[in-house]
Amino acid sequence: MKKISIAIDGPAAAGKSTIAQMVARNLDYTYIDTGAMYRCVAYYAFISGVDFHDEDKVISLLKDIKIRMLPDGSVHLNGQEVTAAIRANEVSMGASIVSQYAKVRSFLVAQQREMAKGGGVILDGRDIGTVVLPDAQLKIYQVASIDTRAHRRYKENIEKGIPSDLEALKKEIAERDYQDANREVSPLKKADDAIEIDTSDMSLEEVVAHVMDLCEERIKD
Ligand code: CDP
Ligand code: CDP
């Protein structure tokens, strides 16, 4: 069967990675969480005591950063597992700052393209359909209202035992969306040929079923 490449982009907490993982499992494809890679750069700056806003210093760290994304979904940075550590709130905001730097983006985009070559992949992020895989056979732009997204992330945090404040989360998500959509390099935007799915009133199962139908159409083409 033909192995296609699938791009899922959209704002924070729209359900991109959950859907991407479920679809990857159904199709037996490789899932690549590109946001985790930006989070690794921010986390490394954080533990190195480097200010996220100091572009030159952040860039000077890149040569020391080795990221490995394992098939079980765990993320390793220089041989250490950081899967949970990179989800901290300050790392989310840091990722949105360091992702504005062109050299950080080119460093990670090259690795993402290398991992994606050969097809049979599903990548999620902000610039997959526009920059990383402009020739992807299926591009999804997944959105949901800010209230829905903040509630979903809040619920997720509470379930994981992470103390959370709904209003603070909403503010952080809105700030990150603004920063991601307004940066100069590879801003968050819908690719012209992407299919937009508003998941505000859809269950996970409904979204997966819809995306699976689209995948099957493209695989048959
Ligand atoms: O990857 P992204 O930041 O876009 O979102 P996520 O981490 O996959 O999803 C945020 C939360 O929303 C997860 O806990 C999902 O289970 C939940 N959710 C969803 O993604 N889609 C729905 N239709 C309903 C809930
Ligand atoms: O899970 P959530 O949607 O909250 O964020 P994420 O996908 O883990 O991405 C964290 C941050 O990395 C985003 O706010 C973006 O600033 C940046 N990012 C990016 O610029 N390009 C990507 N392809 C993926 C993430």
Side-chain angles (χ1 to χ4, degrees), residues 7-24 31-43 52 67 69 73 75 82-83 85-102 104-113 115-116 122-133 136 140-160 162 164 169-170 172-189 191 197-211:
I8 304 193
D9 291 301
K16 303 179 297 296
S17 54
T18 309
I19 298 300
Q21 278 171 53
M22 292 166 86
V23 172
Y31 163 59
I32 301 164
D33 175 358
T34 67
M37 300 172 79
Y38 289 91
R39 286 172 181 274
C40 280
V41 174
Y43 178 71
F52 300 132
I67 302 167
M69 322 279 285
V75 183
V82 295
T83 320
I86 59 170
R87 300 285 146 200
N89 260 349
E90 57 271 33
V91 179
S92 306
M93 203 33 106
S96 184
I97 297 166
V98 302
S99 69
Q100 296 173 28
Y101 307 145
V104 169
R105 301 203 71 85
S106 55
F107 173 74
L108 296 179
V109 168
Q111 297 177 37
Q112 291 156 11
R113 288 188 179 141
M115 289 189 264
I122 176 159
L123 275 69
D124 84 315
R126 304 292 185 286
D127 61 340
I128 311 303
T130 50
V131 175
V132 182
L133 301 177
I140 307 282
Y141 193 74
Q142 199 168 315
V143 299
S145 70
I146 177 82
D147 282 327
T148 305
R149 292 187 284 126
H151 270 106
R152 286 178 182 169
R153 187 60 37 101
Y154 176 74
K155 189 164 164 265
E156 199 182 3
N157 284 351
I158 298 298
E159 281 166 6
K160 285 186 191 155
I162 304 169
S164 228
L169 256 183
K170 201 193 279 188
E172 180 249 310
I173 288 177
E175 205 174 317
R176 223 147 41 90
D177 285 353
Y178 180 83
Q179 235 163 229
D180 292 345
N182 290 284
R183 66 178 171 228
E184 255 167 61
V185 198
S186 311
L188 164 68
K189 71 166 191 246
I197 305 178
D198 185 339
T199 73
S200 303
D201 300 313
M202 289 171 86
S203 68
L204 280 175
E205 292 67 30
E206 286 171 326
V207 184
V208 171
H210 184 39
V211 175

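In each ligand, atom 1 is the first atom listed, and ligand 1 is the first ligand listed.
At least one heavy atom of R183 sits under 4.0 Å from some atom of ligand 2. For the ligand labelled ligand 2, residue K16 lies inside the 4.0 Å heavy-atom shell. Judged by the shortest distance from any of its heavy atoms, M37 lies outside the 4.0 Å radius around the atoms of ligand 2.
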Task: Trace of the side-chain hydrogen bond (donor to acceptor under 3.5 Å, both in side chains) decision for Q179 with S96 - done: CA-CA 7 Å; Q179 235 163 229; S96 184; 2.8 Å; yes
TODO: For the pair S200 and D198, evaluate side-chain hydrogen bond (donor to acceptor under 3.5 Å, both in side chains) and give the outcome as yes or no after the intermediate values.
DONE: CA-CA 6 Å; S200 303; D198 185 339; 2.7 Å; yes
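Counting only distance, with no hydrogens or angles, the side chain of H151 and the backbone of D147 share a donor-acceptor pair below 3.5 Å. Looking at Q100, its side chain never comes within 3.5 Å of a backbone N or O of R183 through a donor-acceptor pair.
Scanning the protein heavy atoms around atom 18 (N) of ligand 1, the nearest turns out to be R152 CD, 3.5 Å. Closest to atom 19 (C) of ligand 1, if we only count protein heavy atoms, is L204 CD2, 3.2 Å. Protein heavy atom closest to atom 5 (O) of ligand 1, with residue, atom name and distance, is G15 N, 2.9 Å.
The closest non-hydrogen atom to atom 15 (C) of ligand 2, taken over D124, V185, D180, comes from D180. The closest heavy-atom contact to atom 23 (N) of ligand 2, among the options D127, D9, I86, V91, comes from D127. Taking all heavy atoms of A20, P11, A144, S17 into account, the minimum distance to atom 1 (O) of ligand 1 is reached by S17. Comparing T18, I173, I8 against atom 13 (C) of ligand 1, the shortest heavy-atom distance belongs to T18.
Interface of G125 with ligand 2, defined as ligand atoms under 4.0 Å from a residue heavy atom, comprises 22 (C), 23 (N), 24 (C). For ligand 1, the atoms closer than 4.0 angstrom to any heavy atom of A14 are 2 (P), 4 (O), 5 (O). The contact set between ligand 2 and A13, taken as ligand atoms under 4.0 Å from a residue heavy atom, comprises 3 (O).
The shortest N or O to N or O distance between R153 and ligand 2 is below 3.5 Å. Residue contacts with ligand 1: V207 is placed with no nitrogen or oxygen under 3.5 Å of a nitrogen or oxygen of the ligand (distance criterion only). Inclusion of S92 in the set of residues having an N or O under 3.5 Å from an N or O of ligand 2 is not warranted. For ligand 1, the polar-atom distance check finds an N/O of M202 within less than 3.5 Å of one of the ligand's N/O atoms.
Nearest heavy-atom pair, Y38 versus V98, reported as atom, atom and distance to 0.1 Å: O-CG2, 4.0 Å.
Between L133 and the choices V109, D127, L123, the side-chain contact (heavy atoms from CB on, under 4.5 Å) rule is met once, by L123. Each of V75, I67, I86 was scored for a side-chain contact (heavy atoms from CB on, under 4.5 Å) with R39, with one residue passing: I86.
Salt-bridge annotation for D9 and K16: absent, with no side-chain N of the basic residue lying under 4.0 Å from a carboxylate O of the acidic one.
Under 3.5 Å, the side chains of T199 and R152 contain a donor-acceptor pair of N or O atoms.
Here E156 has side-chain heavy atoms under 4.0 Å from ligand 1, and that is the only part of it that gets that close.
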